[in-house]
Amino acid sequence: MNRRDFLRTAGGAAGGASAAAVGAGTVAAAEQEEGGGGSVQPEWPSYVEDAEDGSYEDLRGESEVTVEVGTGSGFAFTPTKVWVDPGTTVVFEFIEGGHNVKPNSQPDGGGLGGTEGGEFDTIPEGETYEPTLETGGMYTYYCAPHEGQGMKGAVAVGDEVSTVEVESGGGAEELNPEHMGVPFHPHYVGVSTIVMMVVSLLFTFFLLKYGESPNAKGGNN
Ligand SMILES: [Cu+2]
């Protein structure tokens, strides 16, 4: 028996209402499959795999975006990974002092020069560093004093960057279409089963308590 047959059987057994609910769940799952089930994201370099915070935002369509410096544990850039259009000004806002921004990698002609001063010169709280990234491609950067603590980030510029399909809010496991419809039916079937059990128990209880004739009851006492 394939999954659809099982859904029909389970739905039929559990009653019309839940059959409709199971059906709706299956349709929703099917639509999600057709839509890709997730979103396309830039393929982030392994350099930022262990970056603190690790958040990502698609900020294409903005001419200016903000990345906060010194967030979370104090050693993070937020959002850690952003996708922007070419020509976007990235405003690094130092919400905490004692950090800097230095380029790790960028496309030829990329405009990420890094904060002024030497490698370990830091920027005071409240200041900003605002490079405009005209050249499309992948940029990665770090805070020199805290690179070892995972204080790094990445900016993908333009639509020419290589991308990957990402399942929203889930791991690669959920990309398997066999798994996508499944979370719906155990839920409805399970709830229906419990309802049916309670109804049967109540019915039995009332039958036992009130089902007997007054005469029989008197006779037993
Ligand atoms: Cu730092």
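Small disclaimer: the values here were computed from a predicted structure and weren't measured. Both counts, for ligands and for their atoms, begin at 1 and track the order of listing.
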Taking D58 for the side chain and Q41 for the main chain, is one N or O donor matched with an acceptor at less than 3.5 Å? no

Interatomic spacing from CD in E52 to OG1 in T78 - rounded to 0.5 Å: 9.5 Å

Show me the donor-acceptor pairs within less than 3.5 Å that the side chains of residues 134-141 make with the rest of the protein, sequence neighbours left out.
unit_1 : atom_1 : unit_2 : atom_2 : d
T135   : OG1    : G109   : O      : 3.1
Y139   : OH     : T135   : O      : 2.7
T140   : OG1    : N104   : ND2    : 2.8
T140   : OG1    : S105   : N      : 3.2
T140   : OG1    : S105   : OG     : 2.5

Going by atom type alone, with no hydrogens or angles, which donor-acceptor pairs under 3.5 Å involve a side-chain atom of residues 147-156 and a protein atom two or more places apart or on another chain?
unit_1 : atom_1 : unit_2 : atom_2 : d
E147   : OE2    : Y47    : OH     : 2.7
K152   : NZ     : Y47    : O      : 2.8
K152   : NZ     : D50    : OD1    : 2.8

Pair D53-T80, side-chain hydrogen bond (donor to acceptor under 3.5 Å, both in side chains): steps then yes or no: CA-CA 6 Å; D53 187 44; T80 310; 3.2 Å; yes

In chain order, what residues pass the ring pair (Phe, Tyr, Trp, His ring centres under 6.0 Å) check against Y129, with sequence neighbours excluded? F92

Counting no waters, how many protein N/O/S atoms sit under 2.8 Å from the Cu ion (ligand 1)? 4

